[in-house]
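All remarks here apply to the structure that follows.
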Amino acid sequence: MLFPGQTIPLVVFEPRYRQLVRECLDEGEPFGIILIREGVEVGGPAVPHPVGTTARIRDVSRLPDGRLRVEAIGERRFRILALFDDRPYLSAEVEFPVDDPGDPSVDQLEEARERYRQVVRLRDVAAGEFQRSIEAPATPRGLADAVGSLGLGAPIERQRLLDAMDGPRQVRIATELLGQALEAMHAQAADAVAARYGSTARLN
């Protein structure tokens with residue numbers, strides 16, 4: 001899955017997707033990344049969820065075995081209107097929906113922003129990193145995209161966040177995902193600190 005603003009590394013090995021990369025580079029266009037609802041990821045047909053994210057290629061390098069290492073960044077959501085199978089890869093007619101900001105309460109938005117800061121802080125502690133100040137996006141859409149980019153929960157749960165087009169729903173789902181992650185991340189951070197500072201190697 002991919003959210004706007006999120007960077008994603010890909011290794012492209014299927015001929016149809018190598019063709020897609022060439023066409024995107026030649027035409028200066030993004031491609032779409034979308035979660036599969038039914039089917040398989042490699043080979044064979046697949047039915048995607050209706051909402052995905054466009055991905056702009058930022059860097060491509062060729063591996064010795066012919067595979068392509070691609071770095072792309074998410075740009076904006078799209079919704080599928082029609083699917084086509086007239087190319088080696090699946091293509092679609094899409095629209096770019098506009099959010100309805102709605103009116104999440106200030107308290108709800110601030111609660112979600114604080115949970116976001118806590119999750120990022122705990123993730124950093126577990127990785128042995130530190131940020132003096134953690135910025136939390138101030139809008140429902142910005143926060144939803146930032147939370148989705150953290151990769152919390154199962155893909156289908158993040159898909160709910162990608163599908164949400166109104167501010168109150170974006171904030172509510174983001175708050176749920178962050179809350180579900182906090183307990184597990186507290187434990188991971190505590191284990192990481194204990195291993196880091198309680199080991200013989202560290203004390204020596």
Among the clusters formed by ILVMFWY side chains lying less than 4.5 Å apart, do Val171 and Leu182 turn up in the same one?
yes
CG (Leu177) and CG (Leu161) are apart, to the nearest 0.5 Å, by 6.0 Å
Are Phe13 and Leu63 close enough that some pair of their side-chain heavy atoms sits under 4.5 Å apart?
no
How close do Pro4 and Glu75 get, heavy atom to heavy atom, and via which atoms?
CB-O, 3.4 Å
As an exercise, state the distance from OH of Tyr116 to CD1 of Ile134, rounded to the nearest 0.5 Å.
8.0 Å
Donor-acceptor contact below 3.5 Å, side chain Glu114 vs main chain Ala136:
no
Atom CG of Asp99 and atom CG of Asp166: how far apart are they, to the nearest 0.5 Å?
8.5 Å
If you compare all heavy atoms of Leu90 against all heavy atoms of Phe84, which two are closest, and at what distance to 0.1 Å?
CD1-O, 3.5 Å
What about Leu178 and Ile156, same hydrophobic cluster or not, with Ile/Leu/Val/Met/Phe/Trp/Tyr joined at side-chain heavy-atom distances under 4.5 Å?
no
Do the side chain of Arg18 and the main chain of Arg67 share a donor and acceptor less than 3.5 angstrom apart?
no
Nearest heavy-atom approach of Arg169 to Ala164 is NH1-CA, 3.4 Å
Assess the side chains of Glu176 and Gln180: does a donor N or O sit below 3.5 Å from an acceptor N or O?
no
Hey, quick one: are Phe96 and Leu83 part of the same hydrophobic cluster, counting side-chain heavy atoms closer than 4.5 Å, chains of contacts allowed?
yes
Tyr17 with Val70, same ILVMFWY side-chain cluster at under 4.5 Å
yes
Verify the cluster assignment for Val60 and Phe31: are they in a single hydrophobic cluster under the rule of side-chain heavy atoms below 4.5 Å apart?
yes
Does Asp85, at its CG atom, have more than 12 non-hydrogen atoms belonging to other residues, nucleotides or ligands within less than 6.0 Å?
no
Could you give the distance from CZ (Arg69) to CZ (Arg62), rounded to the nearest 0.5 Å?
13.0 Å
Checking Thr175 against Gln108 for the side-chain contact (heavy atoms from CB on, under 4.5 Å) test, could you report, in this order, the C-alpha distance in whole Å, the side-chain angles of both residues, the deciding distance, and whether it holds?
CA-CA 8 Å; Thr175 301; Gln108 289 172 329; over 6 Å; no
Where is the tightest heavy-atom contact between Gln19 and Pro88, given as atom of each residue plus distance?
OE1-CG, 3.4 Å
For Glu23 and Arg87: C-alpha separation, side-chain torsions, deciding distance, then whether side-chain contact (heavy atoms from CB on, under 4.5 Å) applies.
CA-CA 12 Å; Glu23 292 176 359; Arg87 300 184 183 186; 4.3 Å; yes
Using side-chain heavy atoms (C-beta onward) and a distance below 4.5 Å, is Val147 in contact with Arg115?
no
Looking at Glu157 and Arg160, is there a salt bridge between them, counting it only when a charged N and a carboxylate O are closer than 4.0 Å?
no
Test item: Arg141 and Arg77 side chains (from C-beta on) under 4.5 Å apart, heavy atoms
yes
Can you check side-chain contact (heavy atoms from CB on, under 4.5 Å) on Ile34 and Ile80, steps first, answer last?
CA-CA 10 Å; Ile34 195 162; Ile80 292 175; 3.6 Å; yes
Which atoms form the tightest heavy-atom contact between Ser149 and Asp145, and what is the distance?
OG-O, 2.8 Å
To the closest 0.5 Å, what do you measure between CG (Leu162) and OG1 (Thr53)?
4.5 Å
More than 12 heavy atoms of other residues, nucleotides or ligands under 6.0 Å from CD of Glu95: yes or no?
yes
Residue pair Arg158 / Phe3, side-chain heavy-atom distance below 4.5 Å:
yes
The reported gap from CE in Met165 to CG in Asp163 (rounded to nearest 0.5 angstrom) is 6.5 Å
What are the two closest non-hydrogen atoms of Ala138 and Leu109, and how far apart are they?
O-CD2, 3.4 Å
Over 12 non-hydrogen atoms of neighbours within 6.0 angstrom of CZ in Arg58:
yes
Under the side-chain hydrogen bond (donor to acceptor under 3.5 Å, both in side chains) definition, can you give me all pairs with a residue in residues 131-140, not counting sequence neighbours?
Asp124-Gln131
